[in-house]
Amino acid sequence: QARDTLRRAATDFTPVTQASSLGAEDVVITHIINELALDIGVFVLDTGALHPETLALLERTRATSRAPVTVYRPAQEAVVQFVQREGADAMYRSIDLRKACCGIRKMEPLARALDGKKAWITGLRREQSAARAEVPLLDASEPRTKFNPLANWTWGDVWHYIGTRGVDYNPLHDQFYPSIGCAPCTRAISLGEDFRAGRWWWEDEAAKECGLHVKKKTEGAPA
């Protein structure tokens, strides 16, 4: 099903691109894209705050991927001004400041990465969190179609694929980091915690998205 979803994306929605955080789900998708020789590029947002392990995997991926891997970085001046104004630990002080940091480091580069694309591909899975429990394989509710080829995969499915095919992955996963983002905003999780419990762990559960995959609420919809 994942292969069929990716084939459809490549056939019917060109130009299309994969958004990769270099997490376990994303390396699986990139592997399938390469295996099927699909006309799908890959992009990574280097926020300037990624773990060294993530940056090392990025370089290995760029060196080995058949599909082109493009890196987008935030506007350096915007990052410098934000840190000078709010401090390096601003994200811990309020949700608004954390989202402002995400806006500079992720959302603005994302807009450039998606410019001119008909669709994009993500590693969202229903199992990841309550907020993602109804993720569809194809989401046409936004102006730009989003494909989620692993929507119905389990965490076990992801690791079975990685293990049986020898896919390179981020070693932080072996240290109980199922979801890996920027270093200041990611921690290891404990047994029984939600997959995304290590992301923005100091915030209320309802706030835990950076904006990349937030649905715009329709008028009158519950908050």
Side-chain angles (χ1 to χ4, degrees), residues 1-45 47 61 65-72 99 102-103 105-155 157-158 161 178-181 194-196 199-200 205-223:
Q1 199 172 23
R3 284 174 169 77
D4 291 342
T5 301
L6 287 167
R7 284 192 185 98
R8 182 180 177 192
T11 303
D12 299 340
F13 288 84
T14 303
V16 58
T17 185
Q18 182 204 354
S20 176
S21 69
L22 298 164
E25 293 89 350
D26 294 325
V27 299
V28 166
I29 293 171
T30 301
H31 188 270
I32 296 172
I33 288 171
N34 282 322
E35 186 177 67
L36 298 179
L38 298 176
D39 185 20
I40 299 173
V42 180
F43 74 86
V44 174
L45 303 180
T47 63
T61 303
S65 175
R66 175 195 171 277
V69 179
T70 307
V71 178
Y72 289 86
K99 289 187 174 180
C102 286
R105 294 182 184 272
K106 291 184 176 181
M107 298 307 296
E108 188 278 329
L110 176 71
R112 282 186 273 124
L114 295 181
D115 186 39
K117 303 294 189 294
K118 284 188 180 177
W120 57 313
I121 298 160
T122 83
L124 295 184
R125 294 185 300 110
R126 293 167 193 151
E127 189 188 57
Q128 286 168 335
S129 68
R132 298 179 176 185
E134 297 180 5
V135 165
L137 286 168
L138 187 156
D139 185 352
S141 65
E142 299 283 338
R144 183 180 287 105
T145 301
K146 182 190 288 185
F147 286 89
N148 308 300
L150 306 188
N152 54 14
W153 283 37
T154 66
W155 192 228
D157 292 334
V158 172
Y161 187 100
S179 179
I180 304 168
D194 183 279
F195 283 106
R196 289 176 62 77
R199 303 290 294 277
W200 310 296
E205 191 65 34
K208 286 188 171 187
E209 292 286 356
C210 59
L212 268 67
H213 304 298
V214 173
K215 283 279 185 197
K216 293 181 174 62
K217 289 183 171 45
T218 54
E219 193 171 347

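Just so you know, these numbers use all the heavy atoms, side chains as well, and skip hydrogens, waters and symmetry mates.
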Peer 1: Strictly distance-based, threshold 3.5 Å: is any side-chain N or O of Arg105 a donor or acceptor partner for the main-chain N or O of Thr47?
Peer 2: yes
Peer 1: Please check: side-chain N/O of Arg144 versus main-chain N/O of Ala119, any donor-acceptor pairing under 3.5 Å?
Peer 2: no
Peer 1: Going by heavy atoms in the side chains, are Trp120 and Leu110 under 4.5 Å from each other?
Peer 2: yes
Peer 1: Please check if the distance between the ring centroids of Phe195 and Trp155 is under 6.0 Å.
Peer 2: yes
Peer 1: Report the residues that fulfil salt bridge (charged side-chain N to carboxylate O under 4.0 Å, His left out) with Arg112, sequence neighbours left out, ordered by chain and then residue number.
Peer 2: Glu108
Peer 1: Dump the intermediate steps for side-chain contact (heavy atoms from CB on, under 4.5 Å) on Leu124 and Lys146, then the final yes or no.
Peer 2: CA-CA 10 Å; Leu124 295 184; Lys146 182 190 288 185; 4.2 Å; yes
Peer 1: Taking the side chain as C-beta and beyond, is there a heavy-atom pair between Thr145 and Lys118 under 4.5 Å?
Peer 2: no
Peer 1: Less than 4.5 Å apart, any side-chain heavy atom of Arg132 and any of Arg196?
Peer 2: yes
Peer 1: Pair up each side-chain donor or acceptor in residues 14-23 with any protein partner under 3.5 Å, not counting sequence neighbours, and list the distances.
Peer 2:
{"residue": "Thr14", "atom": "OG1", "partner": "Ala10", "partner atom": "O", "Å": "2.7"}
{"residue": "Thr17", "atom": "OG1", "partner": "Gly41", "partner atom": "O", "Å": "3.3"}
{"residue": "Gln18", "atom": "OE1", "partner": "Thr30", "partner atom": "OG1", "Å": "2.7"}
{"residue": "Gln18", "atom": "NE2", "partner": "Asp26", "partner atom": "O", "Å": "3.1"}
{"residue": "Gln18", "atom": "NE2", "partner": "Thr30", "partner atom": "OG1", "Å": "3.4"}
{"residue": "Ser20", "atom": "OG", "partner": "Leu22", "partner atom": "N", "Å": "3.0"}
{"residue": "Ser21", "atom": "OG", "partner": "Gly23", "partner atom": "N", "Å": "3.3"}
{"residue": "Ser21", "atom": "OG", "partner": "Asp26", "partner atom": "OD2", "Å": "2.8"}

Peer 1: Any Lys/Arg nitrogen of Glu35 or Arg66 sitting under 4.0 Å from an Asp/Glu carboxylate oxygen of the other?
Peer 2: no
Peer 1: Could you label the plane-to-plane angle of the Tyr161 and Trp153 rings as parallel, tilted or perpendicular, counting under 30° as parallel and over 60° as perpendicular?
Peer 2: tilted
Peer 1: Examine distances only and state if a side-chain atom of Asn148 and a backbone atom of Pro136 form a donor-acceptor pair shorter than 3.5 Å.
Peer 2: yes
Peer 1: Between Asp139 (side chain) and Ser141 (backbone), is there a donor-acceptor pair under 3.5 Å?
Peer 2: yes
Peer 1: Keeping Asp4 on the side-chain end and Gln1 on the backbone end, is there a donor-acceptor pair under 3.5 Å?
Peer 2: no
